[in-house]
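In the text below, chain A, chain B and the rest are named by the order of the sequence lines, each starting its count at 1.
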Amino acid sequence: MPELPEVQTVVAELQEARLLGRRITDVKIRWQKIVATPQVDKFRRDLTGQTLADFTRRGKFIMIKLQSGKWLLIHLRMTGQLLILPANRPVTKHEHVILRFDDRRTLRYHDPRKFGRLYLVDEPEQIISNLGWEPLDRAFTLKAFSAKLSRFKRQIKPLLLDQTFIAGLGNIYVDEALFEAYLHPLRSANSLKPPEIAALHRAIRRVLRKGIQNRGTSLGNGKANFASINRRRGRNQESLKVFQRQGQACPRCGTVIRRIAVGQRSTHFCPHCQRQNR
DNA sequence: GTCTATGTTTGCGG
DNA sequence: TCCGCAAACATAGA
């Protein structure tokens with residue numbers, strides 16, 4: 001669930017939490033598979049004593065720079081959340097990794113489905129080198145996007161979900177961007193005409209920026225859905241035009257929004273605004 | 001009991 | 001090589 005705007009919101013809140021300069025005094029790992037690399041013993045040893053130096057984001061990865069030069073990368077996958085709590089707060093069921101700091105606070109990785117992963121590495125490139133563009137970066141130009149799109153025959157939706165093509169988009173923002181750009185999710189990438197490509201480029205950036213402004217999309221009751229630090233909810237769900245709105249009227253034309261499966265993912269679109277042909 | 005889920009990776013077959 | 005598909009991860013909620 002956490003996509004670029006949600007991860008960006010978490011990173012912003014980490015920055016606001018005055019954790020920089022704090023030293024990690026203890027590392028508890030309650031579910032070993034959450035630690036992707038290195039081996040849990042080494043992970044615990046290497047992380048203990050480290051001081052937090054910076055928080056950034058790349059794609060859907062939270063990147064925590066440590067004073068030693070090492071990096072702690074966190075991927076929340078579908079249901080990961082971070083909590084900052086006093087050390088004496090009892091540990092709850094889904095808290096799988098707990099970092100304790102020298103100010104008696106803790107950073108806790110919480111994840112009911114246990115799909116998320118933590119990586120402790122010397123070079124972040126080891127993990128993120130295969131990621132595609134940052135869509136809000138200057139390097140993501142219309143010209144470059146256009147040139148690369150034409151090289152793929154794939155359906156546009158699975159291509160936009162491919163993190164090695166463009167990093168940070170997930171099911172929600174892809175559906176919203178395709179709606180914004182009037183494009184059917186099954187169109188093949190190399191069939192898009194220049195005006196359509198320009199519309200898609202603009203739409204991707206627009207829906208992501210709005211998602212960030214709204215501090216992310218928090219669907220449902222928040223339990224297994226996105227929330228930023230300490231369960232803070234976003235409000236971008238109020239701005240969604242098609243995602244999970246099947247059966248309701250398209251906000252632009254009133255046609256009933258449909259849901260289909262594309263590449264094993266539920267896909268929401270307006271059959272009138274987003275026509276398949278041409 | 002059934003079905004679904006917003007992410008990513010891997011392996012298979014065409 | 002490209003591409004679509006299915007499964008795996010593991011659990012909660014409807």
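- Within the structure, salt bridge (charged side-chain N to carboxylate O under 4.0 Å, His left out) contacts touching residues 143-154 of chain A (residues at least two apart or in different chains) are Arg154(A)-Asp162(A).
- For Lys114(A), the side chain to side chain contact (heavy atoms under 4.5 Å, CB included) partners at least two apart in sequence or on another chain are Trp31(A), Ile34(A), His96(A).
- If you measure from atom NZ of Lys33(A) to atom C1' of dA8(C), you get 9 Å, rounded to the nearest angstrom.
- Annotation: Phe165(A) is in aromatic contact with Phe152(A) [ring centroid separation under 6.0 Å].
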Original post:
Where each pair must be Watson-Crick or G-U wobble with both distances under 3.5 Å, what dot-bracket representation of DNA chain C is obtained, with crossing pairs in [ ] and other-strand partners as |?
Top reply: .||||||||.||||
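- Annotation: dC3(B) and dA6(C) have their P atoms spaced 15 Å apart (nearest Å).
- At the heavy-atom level, Ser266(A) lies under 4.0 Å from the strands shown only through sugar-phosphate atoms.
- The phosphate of dT11(C) has neither OP1 nor OP2 within less than 4.0 Å of any side-chain N or O from Lys93(A).
- The side chain of Arg259(A) lies closest to dT4(B), out of dT4(B), dA12(C), dT8(B).
- dG1(B) and dC9(C) are spaced 22 Å apart, taking the C1' atom of each and rounding to whole Å.
- In terms of the side-chain hydrogen bond (donor to acceptor under 3.5 Å, both in side chains) criterion, residue partners of Arg245(A) (sequence neighbours excluded) are, by chain and number, Gln248(A).
- The side chain of His94(A) contributes an N or O atom lying less than 4.0 Å from OP1 or OP2 of dA12(C).
- Here Lys42(A) pairs with Asp46(A) under the salt bridge (charged side-chain N to carboxylate O under 4.0 Å, His left out) rule; sequence neighbours left out.
- Checking His94(A) against Arg108(A) by side-chain atom types alone, no donor-acceptor pair falls below 3.5 Å.
- Side-chain to base pairing of Arg113(A) with dA12(C): no donor and acceptor N or O lie closer than 3.5 Å to each other.
- For Trp71(A) and Tyr119(A), the distance between ring centers is not under 6.0 angstrom.
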Subject >> Verdict with supporting geometry, Arg187(A) and Glu196(A), side chain to side chain contact (heavy atoms under 4.5 Å, CB included) >> reply: CA-CA 11 Å; Arg187(A) 289 283 299 278; Glu196(A) 296 177 322; 2.8 Å; yes
Original post:
What is the per-nucleotide protein-contact pattern of nucleotides 1-7 of chain C, from the 5' end, where B denotes a base atom under 4.0 Å from a protein heavy atom, S denotes such proximity for sugar-phosphate atoms only, and - denotes neither?
Top reply: --SS-BB
